[in-house]
Number of protein chains: 2
Amino acid sequence: MNAQVKVPRISETEWEVMRAVWAGHPATAGEIIERLTAADPTWHPKTAKTLLARLVRKGALDYEAQGRRYVYEPLVSERQCVAAASESFLERVFGGSLKPMLAHFVESRRLSREEMDELRALLENGLSKGKRP
Amino acid sequence: MNAQVKVPRISETEWEVMRAVWAGHPATAGEIIERLTAADPTWHPKTAKTLLARLVRKGALDYEAQGRRYVYEPLVSERQCVAAASESFLERVFGGSLKPMLAHFVESRRLSREEMDELRALLENGLSKGKRP
DNA sequence: GTTCATGGACTACACGTGTAAGCCAATACG
DNA sequence: CGTATTGGCTTACACGTGTAGTCCATGAAC
(Lines give C-alpha, C1' and ligand atoms only; values in the text may rest on other atoms or scores of the structure.)
Protein backbone atom coordinates (compact mmCIF):
# COMPACT_ATOMS: atom_id res chain seq x y z
CA MET A 1 0.00 0.00 0.00
CA ASN A 2 3.02 2.13 -0.02
CA ALA A 3 3.87 2.25 -3.66
CA GLN A 4 5.81 5.44 -3.05
CA VAL A 5 4.32 7.06 -6.09
CA LYS A 6 6.24 10.04 -7.29
CA VAL A 7 4.36 13.00 -5.99
CA PRO A 8 4.11 15.78 -8.55
CA ARG A 9 5.13 19.24 -7.54
CA ILE A 10 2.10 21.05 -6.18
CA SER A 11 2.20 24.82 -6.34
CA GLU A 12 0.89 27.19 -3.72
CA THR A 13 -2.49 27.75 -5.29
CA GLU A 14 -2.78 24.15 -6.36
CA TRP A 15 -2.51 23.18 -2.72
CA GLU A 16 -5.72 24.98 -2.00
CA VAL A 17 -7.45 23.03 -4.71
CA MET A 18 -6.01 19.74 -3.58
CA ARG A 19 -7.15 20.37 -0.06
CA ALA A 20 -10.61 21.08 -1.32
CA VAL A 21 -10.57 17.72 -3.10
CA TRP A 22 -9.11 15.82 -0.19
CA ALA A 23 -11.85 17.32 1.94
CA GLY A 24 -14.26 14.95 0.27
CA HIS A 25 -14.16 12.94 -2.90
CA PRO A 26 -15.06 12.09 -5.49
CA ALA A 27 -16.31 15.61 -6.04
CA THR A 28 -17.49 17.53 -9.04
CA ALA A 29 -15.78 20.71 -10.14
CA GLY A 30 -18.79 22.56 -8.88
CA GLU A 31 -18.50 21.09 -5.43
CA ILE A 32 -14.82 21.77 -5.29
CA ILE A 33 -15.28 25.34 -6.42
CA GLU A 34 -17.94 25.75 -3.81
CA ARG A 35 -15.54 24.67 -1.11
CA LEU A 36 -12.88 26.97 -2.42
CA THR A 37 -15.09 30.02 -2.56
CA ALA A 38 -16.47 29.18 0.84
CA ALA A 39 -12.97 29.43 2.26
CA ASP A 40 -12.04 32.39 0.12
CA PRO A 41 -14.66 34.27 -1.90
CA THR A 42 -12.11 35.71 -4.28
CA TRP A 43 -11.77 32.38 -6.08
CA HIS A 44 -12.82 32.64 -9.68
CA PRO A 45 -14.48 29.49 -11.04
CA LYS A 46 -12.51 29.64 -14.26
CA THR A 47 -9.29 29.82 -12.36
CA ALA A 48 -10.27 26.84 -10.29
CA LYS A 49 -11.12 24.92 -13.44
CA THR A 50 -7.76 25.68 -14.94
CA LEU A 51 -6.08 24.47 -11.80
CA LEU A 52 -8.11 21.28 -11.77
CA ALA A 53 -7.10 20.57 -15.34
CA ARG A 54 -3.47 21.21 -14.55
CA LEU A 55 -3.59 18.95 -11.55
CA VAL A 56 -5.04 16.22 -13.72
CA ARG A 57 -2.29 16.74 -16.28
CA LYS A 58 0.28 16.58 -13.50
CA GLY A 59 -1.12 13.33 -12.27
CA ALA A 60 -2.28 14.67 -8.93
CA LEU A 61 -5.94 14.18 -9.74
CA ASP A 62 -7.94 11.89 -11.89
CA TYR A 63 -11.50 12.27 -13.08
CA GLU A 64 -14.29 10.20 -14.35
CA ALA A 65 -17.00 11.50 -16.57
CA GLN A 66 -20.37 11.28 -14.92
CA GLY A 67 -22.85 12.34 -17.50
CA ARG A 68 -21.87 15.73 -18.68
CA ARG A 69 -19.67 16.51 -15.73
CA TYR A 70 -16.54 15.17 -14.13
CA VAL A 71 -16.01 13.84 -10.70
CA TYR A 72 -12.50 14.31 -9.46
CA GLU A 73 -10.50 12.02 -7.28
CA PRO A 74 -7.03 12.51 -5.87
CA LEU A 75 -4.32 10.27 -7.23
CA VAL A 76 -1.95 11.29 -4.48
CA SER A 77 -2.87 11.27 -0.84
CA GLU A 78 -2.63 14.25 1.41
CA ARG A 79 -0.16 12.30 3.50
CA GLN A 80 2.13 11.84 0.55
CA CYS A 81 1.96 15.45 -0.46
CA VAL A 82 2.43 16.68 3.04
CA ALA A 83 5.45 14.45 3.41
CA ALA A 84 6.96 15.60 0.13
CA ALA A 85 6.36 19.27 0.78
CA SER A 86 7.66 18.97 4.31
CA GLU A 87 10.79 17.27 3.16
CA SER A 88 11.42 19.91 0.56
CA PHE A 89 10.76 22.71 2.99
CA LEU A 90 12.98 21.20 5.63
CA GLU A 91 15.78 20.85 3.15
CA ARG A 92 15.44 24.28 1.65
CA VAL A 93 14.97 26.35 4.76
CA PHE A 94 16.72 24.37 7.45
CA GLY A 95 19.25 22.52 5.39
CA GLY A 96 17.54 19.29 6.34
CA SER A 97 18.07 19.60 10.06
CA LEU A 98 14.97 18.68 11.93
CA LYS A 99 15.77 19.96 15.37
CA PRO A 100 16.41 23.58 14.48
CA MET A 101 13.19 23.50 12.55
CA LEU A 102 11.16 22.22 15.46
CA ALA A 103 12.91 24.66 17.74
CA HIS A 104 11.99 27.48 15.45
CA PHE A 105 8.33 26.64 15.45
CA VAL A 106 8.10 25.97 19.12
CA GLU A 107 9.79 29.28 19.75
CA SER A 108 8.10 31.38 17.17
CA ARG A 109 4.51 30.58 17.98
CA ARG A 110 3.00 30.48 21.39
CA LEU A 111 1.59 27.09 22.05
CA SER A 112 -1.22 26.67 24.47
CA ARG A 113 -0.68 24.58 27.56
CA GLU A 114 -2.76 21.83 25.99
CA GLU A 115 -0.87 21.83 22.77
CA MET A 116 2.37 21.58 24.64
CA ASP A 117 1.08 18.68 26.64
CA GLU A 118 -0.13 16.92 23.57
CA LEU A 119 3.09 17.47 21.81
CA ARG A 120 4.99 16.22 24.80
CA ALA A 121 2.83 13.14 24.84
CA LEU A 122 3.57 12.69 21.19
CA LEU A 123 7.24 12.79 21.93
CA GLU A 124 6.90 10.14 24.57
CA ASN A 125 4.81 7.86 22.46
CA GLY A 126 6.78 8.39 19.35
CA LEU A 127 9.64 6.62 21.00
CA SER A 128 8.04 3.85 22.93
CA LYS A 129 5.22 2.95 20.63
CA GLY A 130 6.31 3.91 17.17
CA LYS A 131 3.20 2.40 15.70
CA ARG A 132 1.52 3.65 12.58
CA PRO A 133 -2.28 3.34 12.43
CA MET B 1 16.62 45.95 15.65
CA ASN B 2 13.32 44.54 14.63
CA ALA B 3 12.24 46.80 11.84
CA GLN B 4 10.10 43.98 10.44
CA VAL B 5 11.24 44.66 6.93
CA LYS B 6 9.13 43.05 4.27
CA VAL B 7 10.96 39.92 3.29
CA PRO B 8 11.01 39.34 -0.46
CA ARG B 9 9.96 35.98 -1.78
CA ILE B 10 13.02 33.76 -2.02
CA SER B 11 12.84 30.91 -4.49
CA GLU B 12 14.23 27.44 -4.00
CA THR B 13 17.53 28.04 -5.74
CA GLU B 14 17.84 31.52 -4.35
CA TRP B 15 17.76 30.02 -0.89
CA GLU B 16 20.97 28.20 -1.62
CA VAL B 17 22.59 31.44 -2.60
CA MET B 18 21.29 33.30 0.41
CA ARG B 19 22.57 30.62 2.70
CA ALA B 20 25.97 30.91 1.11
CA VAL B 21 25.90 34.62 1.80
CA TRP B 22 24.62 34.26 5.34
CA ALA B 23 27.42 31.82 5.93
CA GLY B 24 29.80 34.75 6.00
CA HIS B 25 29.57 38.31 4.78
CA PRO B 26 30.38 40.60 3.23
CA ALA B 27 31.53 38.22 0.55
CA THR B 28 32.52 38.61 -3.05
CA ALA B 29 30.71 36.79 -5.80
CA GLY B 30 33.76 34.61 -6.14
CA GLU B 31 33.64 33.59 -2.51
CA ILE B 32 29.95 32.91 -2.64
CA ILE B 33 30.30 30.84 -5.77
CA GLU B 34 33.09 28.92 -4.14
CA ARG B 35 30.85 28.04 -1.23
CA LEU B 36 28.07 27.02 -3.57
CA THR B 37 30.22 24.76 -5.69
CA ALA B 38 31.78 23.32 -2.57
CA ALA B 39 28.36 22.18 -1.46
CA ASP B 40 27.26 21.19 -4.94
CA PRO B 41 29.74 21.04 -7.81
CA THR B 42 27.06 21.37 -10.44
CA TRP B 43 26.68 25.08 -9.73
CA HIS B 44 27.55 27.14 -12.77
CA PRO B 45 29.20 30.50 -11.96
CA LYS B 46 27.07 32.34 -14.47
CA THR B 47 23.95 30.96 -12.93
CA ALA B 48 25.09 32.00 -9.50
CA LYS B 49 25.81 35.48 -10.77
CA THR B 50 22.36 35.77 -12.24
CA LEU B 51 20.86 34.73 -8.96
CA LEU B 52 22.95 37.25 -7.04
CA ALA B 53 21.78 40.01 -9.33
CA ARG B 54 18.18 38.96 -8.93
CA LEU B 55 18.49 38.86 -5.19
CA VAL B 56 19.87 42.36 -5.26
CA ARG B 57 17.00 43.50 -7.42
CA LYS B 58 14.58 41.85 -5.04
CA GLY B 59 16.09 43.63 -2.12
CA ALA B 60 17.38 40.52 -0.41
CA LEU B 61 21.01 41.47 -0.92
CA ASP B 62 22.97 44.65 -1.25
CA TYR B 63 26.45 45.13 -2.59
CA GLU B 64 29.21 47.60 -2.41
CA ALA B 65 31.79 48.00 -5.11
CA GLN B 66 35.22 47.21 -3.86
CA GLY B 67 37.54 48.06 -6.64
CA ARG B 68 36.47 46.09 -9.63
CA ARG B 69 34.40 43.60 -7.70
CA TYR B 70 31.40 43.60 -5.45
CA VAL B 71 31.05 42.50 -1.93
CA TYR B 72 27.58 41.29 -1.13
CA GLU B 73 25.73 41.68 2.10
CA PRO B 74 22.32 40.37 3.07
CA LEU B 75 19.59 42.92 3.54
CA VAL B 76 17.34 40.39 5.18
CA SER B 77 18.44 38.16 7.99
CA GLU B 78 18.24 34.42 7.91
CA ARG B 79 15.91 34.62 10.86
CA GLN B 80 13.49 36.79 8.95
CA CYS B 81 13.54 34.60 5.91
CA VAL B 82 13.21 31.45 7.91
CA ALA B 83 10.25 32.93 9.72
CA ALA B 84 8.58 34.04 6.51
CA ALA B 85 9.15 30.77 4.71
CA SER B 86 8.00 28.79 7.70
CA GLU B 87 4.85 30.80 8.01
CA SER B 88 4.08 30.33 4.35
CA PHE B 89 4.79 26.63 4.48
CA LEU B 90 2.71 26.14 7.58
CA GLU B 91 -0.17 27.93 5.96
CA ARG B 92 0.03 26.15 2.66
CA VAL B 93 0.61 22.62 3.79
CA PHE B 94 -1.02 22.48 7.20
CA GLY B 95 -3.58 25.18 6.83
CA GLY B 96 -1.79 27.18 9.49
CA SER B 97 -2.20 24.63 12.24
CA LEU B 98 0.97 24.25 14.15
CA LYS B 99 0.26 21.10 16.06
CA PRO B 100 -0.44 18.78 13.14
CA MET B 101 2.71 20.07 11.58
CA LEU B 102 4.84 19.31 14.59
CA ALA B 103 3.13 15.98 14.94
CA HIS B 104 3.94 15.18 11.36
CA PHE B 105 7.60 15.87 11.77
CA VAL B 106 7.92 14.13 15.06
CA GLU B 107 6.23 11.12 13.55
CA SER B 108 7.82 11.09 10.18
CA ARG B 109 11.40 11.31 11.21
CA ARG B 110 12.86 9.27 13.96
CA LEU B 111 14.32 11.56 16.52
CA SER B 112 17.12 10.37 18.67
CA ARG B 113 16.52 10.14 22.38
CA GLU B 114 18.66 13.20 22.87
CA GLU B 115 16.80 15.23 20.32
CA MET B 116 13.56 14.31 21.97
CA ASP B 117 14.88 15.34 25.32
CA GLU B 118 16.11 18.62 23.97
CA LEU B 119 12.85 19.28 22.30
CA ARG B 120 11.01 18.43 25.46
CA ALA B 121 13.20 20.82 27.34
CA LEU B 122 12.40 23.41 24.79
CA LEU B 123 8.73 22.86 25.38
CA GLU B 124 9.11 23.23 29.12
CA ASN B 125 11.04 26.42 28.82
CA GLY B 126 8.81 27.87 26.23
CA LEU B 127 6.01 27.73 28.72
CA SER B 128 7.59 28.58 32.02
CA LYS B 129 9.49 31.46 30.59
CA GLY B 130 6.80 32.66 28.27
CA LYS B 131 7.87 36.26 28.40
CA ARG B 132 5.52 37.96 26.04
CA PRO B 133 5.81 41.74 25.89
C1' DG C 1 -38.15 22.60 -30.46
C1' DT C 2 -35.54 27.00 -29.51
C1' DT C 3 -33.03 29.28 -26.22
C1' DC C 4 -30.29 29.84 -22.25
C1' DA C 5 -27.26 28.35 -18.98
C1' DT C 6 -23.61 25.21 -17.39
C1' DG C 7 -19.49 22.80 -17.71
C1' DG C 8 -15.38 21.37 -20.06
C1' DA C 9 -11.61 22.38 -23.62
C1' DC C 10 -8.59 25.54 -25.61
C1' DT C 11 -6.28 29.92 -25.58
C1' DA C 12 -3.95 33.98 -23.53
C1' DC C 13 -0.64 36.39 -21.27
C1' DA C 14 2.47 38.47 -17.98
C1' DC C 15 5.62 37.53 -14.49
C1' DG C 16 8.82 34.20 -11.94
C1' DT C 17 12.45 30.79 -12.14
C1' DG C 18 16.30 27.84 -13.65
C1' DT C 19 19.87 27.92 -16.50
C1' DA C 20 23.09 30.13 -19.03
C1' DA C 21 25.65 32.67 -23.08
C1' DG C 22 27.49 37.02 -25.04
C1' DC C 23 29.54 41.44 -24.47
C1' DC C 24 32.61 44.70 -22.36
C1' DA C 25 35.86 46.87 -19.20
C1' DA C 26 39.57 46.63 -16.04
C1' DT C 27 43.37 44.04 -14.28
C1' DA C 28 47.10 40.86 -14.08
C1' DC C 29 50.76 38.72 -16.71
C1' DG C 30 54.35 38.59 -19.68
C1' DC D 1 52.15 48.01 -23.54
C1' DG D 2 49.40 44.20 -25.61
C1' DT D 3 46.82 40.23 -24.45
C1' DA D 4 44.35 37.00 -21.88
C1' DT D 5 41.44 36.57 -18.06
C1' DT D 6 38.17 37.79 -14.68
C1' DG D 7 34.08 39.86 -13.08
C1' DG D 8 29.92 42.41 -13.90
C1' DC D 9 25.99 43.78 -17.12
C1' DT D 10 22.68 42.49 -20.54
C1' DT D 11 20.16 39.30 -23.01
C1' DA D 12 17.90 34.70 -23.90
C1' DC D 13 14.71 31.30 -23.49
C1' DA D 14 11.72 27.56 -22.05
C1' DC D 15 8.74 26.06 -18.63
C1' DG D 16 5.79 27.02 -14.40
C1' DT D 17 2.21 29.73 -12.23
C1' DG D 18 -1.67 32.87 -11.35
C1' DT D 19 -5.43 34.51 -13.42
C1' DA D 20 -8.82 34.45 -16.64
C1' DG D 21 -11.47 34.82 -21.29
C1' DT D 22 -13.53 32.42 -25.44
C1' DC D 23 -15.59 28.69 -27.82
C1' DC D 24 -18.58 24.82 -28.06
C1' DA D 25 -21.69 21.11 -26.76
C1' DT D 26 -25.25 19.36 -23.93
C1' DG D 27 -28.88 19.46 -20.91
C1' DA D 28 -32.54 22.35 -18.60
C1' DA D 29 -36.34 25.53 -19.02
C1' DC D 30 -40.18 27.19 -21.67
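In what follows, chains carry the letters A, B, and so on, assigned in the order in which the sequence lines appear, proteins first and then strands, with residues in each chain numbered from 1.
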Partner residues of [X] under the salt bridge (charged side-chain N to carboxylate O under 4.0 Å, His left out) criterion, sequence neighbours left out:
X: Glu73(A); answer: none
X: Arg92(B); answer: Glu12(A)
X: Lys46(A); answer: none
X: Arg68(B); answer: none

Side chain to side chain contact (heavy atoms under 4.5 Å, CB included) with [X]: which residues, sequence neighbours excluded?
X: Ala60(B); answer: Pro8(B), Ile10(B), Met18(B), Leu55(B), Val76(B)
X: Ala29(A); answer: Lys49(A), Leu52(A), Tyr72(A)
X: Thr50(A); answer: Arg54(A)

So, with a heavy-atom separation below 4.0 Å from DNA chain D, the residues of residues 61-70 of chain B are Arg68(B), Arg69(B), Tyr70(B)
Expected output is a numbered-order residue list: members of residues 37-52 of chain A with a heavy atom under 4.0 Å from any atom of DNA chain D. What is it? His44(A), Lys46(A), Thr47(A), Thr50(A), Leu51(A)
Which nucleotide span of DNA chain D, 5' end to 3' end, has atoms closer than 4.0 Å to non-hydrogen atoms of chain A? dT17(D) to dG27(D)
Sorted by first residue and then second, give each ring-ring contact (aromatic ring centres under 6.0 Å, His included) pair with at least one member in residues 43-65 of chain B; sequence neighbours left out. Tyr63(B)-Tyr70(B)
Starting from P on dG8(C), measure out to CZ on Arg54(A) and report it in whole angstrom. 17 Å
Overall bend of the helix from dG1(C)-dC30(D) to dG30(C)-dC1(D) (five pairs an end, 10° steps) is 0°
